[in-house]
Amino acid sequence: MSYYAGYHGVACYLSIEDFEDFMKSYFKLHPDLTEEEREDLDPAEYAFKKSDGSGDFSFFEVTADSADGMRIFPFQYENIPGKECIDLPIVDQYVVFADYQPDTLEFICNPQYHSYEDILKEFKGKLEKYLPANFPWDERIGRYSYAVYA
């Protein structure tokens, strides 16, 4: 029996090109990895150092081979006319999920985000130093969803 399973969460997504830029900047700022370690690095299993130095994070790779229906509902859609929901191309994407998901009991009992600025601050704390100054944060942060055929 086969079926689709849906996944979602508050996230910031990077295209393949964004991720390649991220990796170049990351390796430049953290030259402690050997060339062999860089080539063998699995983004989903590696603990990347946060941009602000406050800990680490990892990426989740959403691949076109196994996922479909990738879309983002940007929180700041009023800055992106006609883009309350953006259907993303079915290509590999790299996703960083928020530390807290607002649909959990933990979050309901102890909210961690009180505004978009709180969420933006979290993602910039993870990624900002590694991405170009003109990275489109408002287009890339929101409710990210996709389906996986199982």
Side-chain angles (χ1 to χ4, degrees), residues 5-33 37-38 40-148:
Y7 296 92
H8 67 93
V10 173
C12 179
Y13 82 92
L14 277 61
S15 67
I16 292 172
E17 296 80 17
D18 295 329
F19 185 73
E20 289 170 355
D21 289 343
F22 169 89
M23 293 301 287
K24 287 176 193 169
S25 295
Y26 189 85
F27 291 145
K28 190 181 294 182
L29 292 168
H30 301 285
D32 49 324
L33 294 172
E37 289 172 321
R38 291 177 186 193
D40 293 339
L41 187 141
D42 180 350
E45 295 181 10
Y46 186 76
F48 291 94
K49 296 174 185 169
K50 289 184 179 179
S51 182
D52 64 9
S54 68
D56 38 86
F57 70 97
S58 61
F59 282 93
F60 185 80
E61 186 176 6
V62 178
T63 64
D65 293 339
S66 63
D68 196 3
M70 292 86 115
R71 61 177 41 164
I72 191 152
F73 300 85
F75 292 128
Q76 294 296 98
Y77 64 84
E78 64 273 1
N79 296 336
I80 313 162
K83 297 294 185 177
E84 294 84 9
C85 171
I86 301 172
D87 290 318
L88 301 171
I90 301 173
V91 295
D92 293 355
Q93 297 167 9
Y94 294 85
V95 180
V96 177
F97 285 99
D99 292 339
Y100 304 95
Q101 294 300 321
D103 60 349
T104 63
L105 182 58
E106 174 189 11
F107 188 87
I108 292 168
C109 295
N110 186 20
Q112 299 297 312
Y113 310 120
H114 302 284
S115 69
Y116 172 70
E117 294 305 315
D118 292 341
I119 296 169
L120 178 62
K121 181 179 176 185
E122 178 182 315
F123 286 115
K124 284 188 172 185
K126 292 176 180 178
L127 300 165
E128 185 172 37
K129 188 165 55 171
Y130 310 121
L131 295 172
N134 64 348
F135 183 76
W137 296 99
D138 289 348
E139 291 179 26
R140 302 300 181 85
I141 296 174
R143 291 184 320 270
Y144 181 87
S145 66
Y146 63 100
V148 175

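Remark: the backbone N or O of V10 is paired with a side-chain donor or acceptor of Q101 at under 3.5 angstrom.
Considering all non-hydrogen atoms of both residues, F60 and F97 come closest at CB-CE1, 4.0 Å. Residue K49 comes nearest to Y26 through the heavy atom pair N-OH, 2.9 Å, listed as atom of the first residue, atom of the second, then distance. The two residues K50 and G125 come nearest to each other via the heavy atoms CB-O, 3.5 Å. Scanning all heavy atoms of the two residues, the minimum distance from A98 to Y113 falls at CB-OH, 3.4 Å. Nearest heavy atoms, D138 versus P74: O-CB, 3.5 Å. Of all heavy-atom pairs spanning P43 and S58, the tightest one is O-CB, 4.0 Å.
Between K126 and E122 there is a salt bridge, since a side-chain N of the basic residue sits under 4.0 Å from a carboxylate O of the acidic one.
Side chains of E37 and Y46 form no contact here, defined as non-hydrogen atoms less than 4.5 Å apart. Taking the side chain as every heavy atom from C-beta outward, V62 and M70 approach each other to under 4.5 Å. Side-chain contact between I141 and C12 is present, with heavy atoms from C-beta onward closer than 4.5 Å. The shortest side-chain heavy-atom distance between Y144 and Q93 falls under the 4.5 Å cut-off. Looking only at side-chain heavy atoms (C-beta outward), L127 and F48 stay at 4.5 Å or farther from each other. Side-chain contact between Y146 and L88 is absent, with no heavy-atom pair separated by less than 4.5 Å. Under the 4.5 Å side-chain criterion, counting only non-hydrogen atoms from C-beta, L120 is not in contact with F75. The closest side-chain heavy-atom distance from S15 to V91 is not below 4.5 Å.
In this pair, F19 and Y94 present their aromatic rings parallel. The plane angle is below 30°, not in the 30 to 60° band.
Rounding to the nearest 0.5 Å places CG of D52 at 12.5 Å from NZ of K124. Residue Q112 holds its CD atom at 7.0 Å from NE2 of H114, rounded to the nearest 0.5 Å. We find the CZ-CG distance between R140 and L14 to be 6.5 Å, quoted to the nearest 0.5 Å. Interatomic distance, CD1 of I90 versus CG of D68, reported as 4.0 Å (0.5 Å rounding). For the atom pair Q76 CD and E117 CD, the distance stands at 7.0 Å (nearest 0.5 Å).
Of the candidates F57, F22, Y13, F57 is the only one forming a side chain to side chain contact (heavy atoms under 4.5 Å, CB included) with V96.
No side-chain donor from either of E61 and T63 sits under 3.5 Å from a side-chain acceptor of the other.
Two rings, from F73 and H8, have their centers 6.0 Å or more apart.
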